[in-house]
Amino acid sequence: MLGFHYCFLILCFCVSLQLVYSGHEPYVMRMSCGARHDVHTAPTKTLWHKDFAYTGGIPTNGTTPSFIAPRLTTLRYFPFSEGPENCYNIKRVPHGHYSIRIFFGVVAEPSFDNEPLFDVSVEGTLVYTLPSGWSNHDDERAFVEALIFLDDGTASLCFHSTGHGDPAILAIEILQVDDRSYYFGPDFGKGTIMRTVKRLSCGVNDSMFGVDYGANHWGGDRFWGSIEAFGRNSDRSISTKNSIKSTSKAPNFYPGSIYQTALLSTDNEPELTYTMDVDPNKKYSVWLHFAEIDPSVTSAGQRVMDISINGDTVFPNVDIVKMVGGVNSALVLNTTVPVSGRTLTIALHPTKGTHAIISAIEIFEVIIAESKTFLDEVRGLQSLKNALGLPLRLGWNGDPCVPQQHPWSGAYCQFDKISNKWVIDGIDLDNQGLRGFLPNEISRLRHLQSINLSGNSIHGPIPIALGMVNSLEKLDLSYNFFNGSIPESLGQLTSLRTLNLNGNSLSGRIPAALGGRLLHRASFNFTDNAGLCGIPGLPTCGTHLTVGAKIGIGLGACVAVLLIATCITCWWKRRQNILRTQRIAARDAPYAKSRTSFNRDVQMARSYSHEHTRTAAENGPPLLS
């Protein structure tokens with residue numbers, strides 16, 4: 001009864017998982033580089049979005065050197081004059097696991113080098129170097145594909161010039177896959193990238209993408225190259241029309257079609273062997289696909305194989321029928337191996353039965369993802385780039401420190417083991433024709449030890465925020481057009497040992513903290529600034545005031561003027577009120593005088609009448625006659 005409930009729960013989980021994948025489509029973004037309008041390609045009517053506001057470079061007509069590439073007519077190339085590093089920065093990409101595929105193209109103009117060679121990085125990690133002759137082969141060299149986790153909402157794809165032609169990009173695909181897709185062991189996750197080296201469907205004539213197989217969209221529309229034989233007379237192809245069980249399942253969603261064909265060894269060569277060239281001293285994840293479609297094998301024990309890689313047995317006693325429970329059912333085996341040489345050889349040796357069999361092969365290079373630069377410091381450098389008007393030839397695109405093979409010119413990096421991030425510890429942009437100003441955002445570069453911006457045409461004041469870079473040891477701003485006073489905050493830089501401000505238009509008193517530092521073997525140069533004063537060798541300050549003092553005096557004067565104006569206004573209004581009252585009193589004086597005399601006469605008359613009335617009363621009533 002317990003077993004029934006367990007099976008029932010597993011069945012419910014599988015059904016619910018299938019409903020989740022069938023109801024939620026993966027994120028898909030396809031771009032036709034250089035295109036001004038959306039494009040649909042035959043025969044599947046695949047949508048490719050237009051290329052707008054993602055990067056720099058120049059859009060133009062292009063050609064596709066391989067049949068594998070989509071049938072697109074435009075591309076975007078990046079001339080070296082616009083910098084050695086150029087990037088596509090694609091935003092609003094949901095967090096998740098992605099297959100990123102970049103197709104290369106050739107500019108359709110005779111004056112251009114027909115085969116540019118350059119490096120490709122994804123999220124700051126170098127994943128591919130185009131080999132010489134790539135444009136003459138109809139295989140995976142027409143594109144690079146990598147599996148990577150994206151967790152910051154963006155995808156940064158960069159192209160690094162190596163001095164041989166201008167990078168030219170035909171198309172970009174960003175296709176979401178299952179988070180557990182191609183799980184290969186404990187090292188799998190956000191710290192690793194898997195670059196596709198080879199993906200082969202055995203025993204078929206035509207190479208196809210997943211969409212051609214009708215594969216599940218969560219499979220990432222993989223490209224399956226065709227291989228009809230490993231060697232002359234060493235094997236033969238077989239196929240079946242029977243449906244294959246256990247395919248198109250999470251997390252890898254393999255199409256069933258790749259298991260309906262296979263290569264089978266022969267009596268002359270019972271062992272199947274596949275050899276390919278690889279880069280040495282790297283790790284490779286190998287995925288082998290099987291299905292027992294040979295009609296001569298119907299039960300377990302009839303075909304058993306040992307599988308080795310570079311001579312080491314990695315899968316002993318492989319019995320396909322026994323391991324999957326029958327014929328026409330898919331089996332996938334995976335292992336990760338280090339390779340020190342330049343070849344990788346997969347050998348399948350039958351120990352029971354006379355022939356070996358295989359349906360498909362996938363090989364990935366396992367790449368340790370580079371640690372990125374502190375985001376706040378990247379933003380600080382971007383603000384500096386914009387404020388200084390950095391020339392295009394310097395680039396400054398992507399991550400300043402990674403890939404380590406292509407750091408930004410003029411920016412020096414150091415790895416911080418505590419945070420596991422890269423930081424900027426130096427800026428060296430002397431004599432680069434810079435004409436902007438120094439922004440306050442330079443304080444974001446908290447690990448700077450050295451700044452050299454001498455010999456440019458930078459104007460404006462020295463930012464107060466520069467005094468917040470406590471690690472600064474050397475500051476050279478000489479021979480520019482800086483004006484105003486030297487900020488007091490520079491005196492707080494206790495590590496500062498070299499300060500060159502000569503050849504500018506600075507004025508005012510040199511901060512006392514800086515002047516005192518001269519007694520402790522610091523090297524400061526303030527010459528060729530007509531308005532500076534306060535240390536030996538410069539004019540005496542006298543009544544010279546600092547900017548802060550001048551501002552304080554100005555504010556005090558403004559307040560005093562306002563108070564005086566307020567008092568004068570109040571006195572004037574009071575004076576006007578008094579004068580107006582006096583004028584009214586003078587105008588009404590005659591009337592007031594006349595009224596006063598009249599009132600007095602009336603009062604006297606009333607008094608006389610009252611007196612006589614009182615006398616009559618006292619004498620009694622009059623006699624009637």
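The first residue in the sequence is number 1, and the count goes up from there. Just so it is clear, the structure is predicted and the values come from calculations on it, not from any experiment.
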Discussion item. Applying salt bridge (Lys or Arg N to Asp or Glu O under 4.0 Å), can you list everything that pairs with Asp399, at least two apart in sequence or on another chain?
Written reply: none

Below 30° counts as parallel, above 60° as perpendicular, anything between as tilted: where do the rings of [X] and [Y] land?
X	Y	result
His447	Phe374	parallel
Phe437	His459	tilted
His97	Phe149	parallel
Tyr27	Tyr98	perpendicular

Worksheet item: Are any non-hydrogen side-chain atoms of Asp476 and Thr498 less than 4.5 angstrom apart?
Response: no

Tell me, please, which residues at least two apart from [X] pass side chain to side chain contact (heavy atoms under 4.5 Å, CB included).
X	result
His95	none
Ser340	Asn281
Ala369	Thr125, Ile193

Item to complete: If a pair satisfies disulfide (SG to SG under 2.5 Å) and one of its residues is in residues 375-469, list it, with sequence neighbours excluded.
Response: Cys401-Cys413

Worksheet item: For residues 420-477, which residue pairs qualify under disulfide (SG to SG under 2.5 Å), counting only residues two or more places apart or in two chains?
Response: none

Worksheet item: Hey, which of Asn529, Leu506, Leu501 is the one that makes side chain to side chain contact (heavy atoms under 4.5 Å, CB included) with Phe482?
Response: Leu506

Practice prompt. Would you tell me whether Ser121 and His160 have side-chain atoms, one donor and one acceptor, within less than 3.5 Å of each other?
Written response: yes

